[in-house]
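Here's the structure we're looking at; comments come further down.
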Amino acid sequence: MSESRTIVVGVDGSAQSRAALRWALAEARPGDRVRAMLVRVRDELLPGTSYAIQPHGRIPVGDDSAYAGLLSSTVQETRGPGTPEVEEVVLSGDPATELNKASADADLLVVGSHGARPLTELLVGSVATQVVRHAQCPVVVMTAHAAQ
């Protein structure tokens, strides 16, 4: 009998992340663990000037229960009969960094790609690009075309 695997999936509620989760669930063998991770962007300080968009210099971020609800509903909508249970994890931080950390204990990492324009990706980078470059396990990237 083969050893069980851990498959980590980055989920953000997008069509691409749902396609990534669907693919991971189809790929999972009996005994495999599927971990769906939603990483909410950490509270960031804004400049403390009168021109700051938000009071008290913080970017507004929803509470963890809203993110947990989004993750749970995405998992429930995506899971079909006979698919494995999915461990749901909500974290705060940089999505690429947290997914790369999770790849250390994973056998496979699956993410969706939003198809950023080349200039945007060059300047800011994308989560998919960062995990392909830095993950410690094989990575599957679901494109927008694959999500249709």
Indicate yes or no: at least one non-hydrogen side-chain atom of Leu108 is less than 4.5 angstrom from one of Pro138. yes
Please report the closest heavy-atom contact between Ala96 and Val131, naming both atoms and the distance. O-CG1, 4.1 Å
Heavy-atom closest contact (Leu91 atom, Glu98 atom, distance): CD1-OE1, 3.8 Å
Closest non-hydrogen atom pair between Gly31 and Ser4, with its separation: O-CB, 3.1 Å
Nearest 0.5 Å, please: how far is CG in Leu109 from NE2 in His134? 13.0 Å
Can you measure from CZ (Arg79) to CD (Glu77) and round to the nearest 0.5 angstrom? 13.0 Å
Tell me, with the steps shown, if Val34 and Leu25 meet side chain to side chain contact (heavy atoms under 4.5 Å, CB included). CA-CA 7 Å; Val34 176; Leu25 289 167; 4.2 Å; yes
For the atom pair CG (Leu70) and CZ (Arg40), what is the distance rounded to the nearest 0.5 Å? 13.0 Å
To the nearest 0.5 Å, how far apart are CZ in Arg33 and CD1 in Ile7? 10.0 Å
Flag for Arg22-Thr78: side-chain donor and acceptor within less than 3.5 Å: no
Is it true that a side-chain atom of Ser17 and a backbone atom of Asp12 form a donor plus acceptor pair closer than 3.5 Å? yes
Minimal non-hydrogen separation, Gly10 against Leu99, with atom names: CA-CD2, 4.0 Å
First locate atom CE of Met37, then atom CD of Glu87, and finally report the distance between them rounded to the nearest 0.5 Å. 9.0 Å
Checking the side chain of Ser103 only, and the main-chain atoms of Gln136 only, is there a donor and an acceptor separated by less than 3.5 Å? yes
Closest non-hydrogen atom pair, Gln130 against Asn100: O-ND2, 3.6 Å
Of all the heavy-atom pairs spanning Arg18 and Thr74, show the shortest one and how long it is. CG-CG2, 3.5 Å
Pair Gln16-Ser113, side chain to side chain contact (heavy atoms under 4.5 Å, CB included): steps then yes or no: CA-CA 6 Å; Gln16 294 87 343; Ser113 173; 5.7 Å; no
